[in-house]
Amino acid sequence: MHDYEDHVARIQAEWARERPDLDVSPQGVIGRLHRLAGFLTEQLCLVYRRHGLNEGEFDVLAALRRAGDPFERAPGELAAFTMVTTGAMTKRIDRLERDGLVTRRRSAADGRGRVVALTPAGRELIDRAFADHMSNERRILDDLSADEAARLETLLTAWLARVEPPA
């Protein structure tokens, strides 16, 4: 199956020796996905940092940019899109506002609600950062053939659909 014994295979072999009563085969998938996730996060964050952002700040700017003109969303909507608590979202927005990348204002539709919007500087930054982000993802994915990447996407899509609640 594999030409070499990777970190996960070594761990599986040790557990199989120590606990032959347990099926350690799930580690083959879960362990490798976990290690890949760590590697991917590290590689993606390199690009975010080049633009002076952390992962959460990049996510907020990207969610605002994807909203389309006028590039704004309610803080609760941003929290839901980025799967963080509203408290964590407030901290992210505070920092982005301090850096002149977003503004907060009262919602025109609902005087009590708030709206977060990209500033021109924020839009310029996320457009540059996102282009670099896509180049980086392409570089990472180029370790797979086009067929391997397509098969993996199909498998991951099917698995995610089974474990993630529908939006």
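Any value given below was found using the heavy atoms of this structure, including those in side chains, with hydrogens, waters and symmetry copies removed. Index from 1, following the sequence.
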Specify the closest pair of heavy atoms between [X] and [Y], including all atoms of both residues, with the distance to one decimal.
| X | Y | answer |
| --- | --- | --- |
| G100 | A121 | O-CB, 4.0 Å |
| R114 | P75 | O-CD, 3.2 Å |
| A67 | E72 | CB-O, 3.8 Å |
| A63 | L78 | CB-CD2, 3.7 Å |

Report task. Could you point out which residue of R104, R105, R92 forms a salt bridge (charged side-chain N to carboxylate O under 4.0 Å, His left out) with E97? Result -> R104
Could you tell me the separation between the [atom1] atom of [X] and the [atom2] atom of [Y], rounded to the nearest 0.5 Å?
| X | Y | atom1 | atom2 | answer |
| --- | --- | --- | --- | --- |
| L61 | I126 | CG | CD1 | 5.0 Å |
| L155 | L160 | CG | CG | 12.5 Å |
| R128 | H51 | CZ | NE2 | 7.0 Å |
| R66 | L64 | CZ | CG | 9.0 Å |
| L118 | R73 | CG | CZ | 10.0 Å |
| R65 | D69 | CZ | CG | 9.0 Å |

Find out whether [X] and [Y] are in side-chain contact, i.e. whether some heavy atom of one side chain is under 4.5 Å from a heavy atom of the other.
| X | Y | value |
| --- | --- | --- |
| D142 | R138 | yes |
| D6 | R32 | yes |
| Q27 | V24 | yes |

Requested in this report: Would you mind listing every salt bridge (Lys or Arg N to Asp or Glu O under 4.0 Å) that reaches into residues 148-161, with sequence neighbours excluded?
Outcome: D147-R151
What donor-acceptor contacts under 3.5 angstrom involve side-chain atoms of residues 35-49, with partners at least two apart or in another chain?
unit_1	atom_1	unit_2	atom_2	d
R35	NH1	H7	NE2	3.4
T41	OG1	A37	O	2.9
Q43	OE1	R139	NH2	2.7

Under 3.5 Å donor-acceptor pairs involving side-chain atoms of residues 83-91, not counting sequence neighbours:
unit_1	atom_1	unit_2	atom_2	d
T85	OG1	A88	N	3.1
T90	OG1	T86	O	2.9

Query raised in the report: Once the angle between the rings of F58 and F130 is folded into 0 to 90°, is it parallel (under 30°), tilted (30 to 60°) or perpendicular (over 60°)?
Result: parallel
Requested in this report: Please list, chain by chain and in numerical order, all residues satisfying salt bridge (charged side-chain N to carboxylate O under 4.0 Å, His left out) with R19, sequence neighbours excluded.
Outcome: D21
Query - D23: partners by salt bridge (charged side-chain N to carboxylate O under 4.0 Å, His left out), with sequence neighbours left out - result: none
Query raised in the report: When E57 is tested against each of D59, L53, V60 for side-chain contact (heavy atoms from CB on, under 4.5 Å), which residue passes?
Result: L53
Report task. Could you list the residues that satisfy ring pair (Phe, Tyr, Trp, His ring centres under 6.0 Å) with F81, not counting sequence neighbours? Result -> none
Report task. Identify whether the distance between the nearest side-chain nitrogen and carboxylate oxygen of R98 and D94 falls below 4.0 Å. Result -> no
**Report entry** L141 with L152, same ILVMFWY side-chain cluster at under 4.5 Å
**Finding:** yes
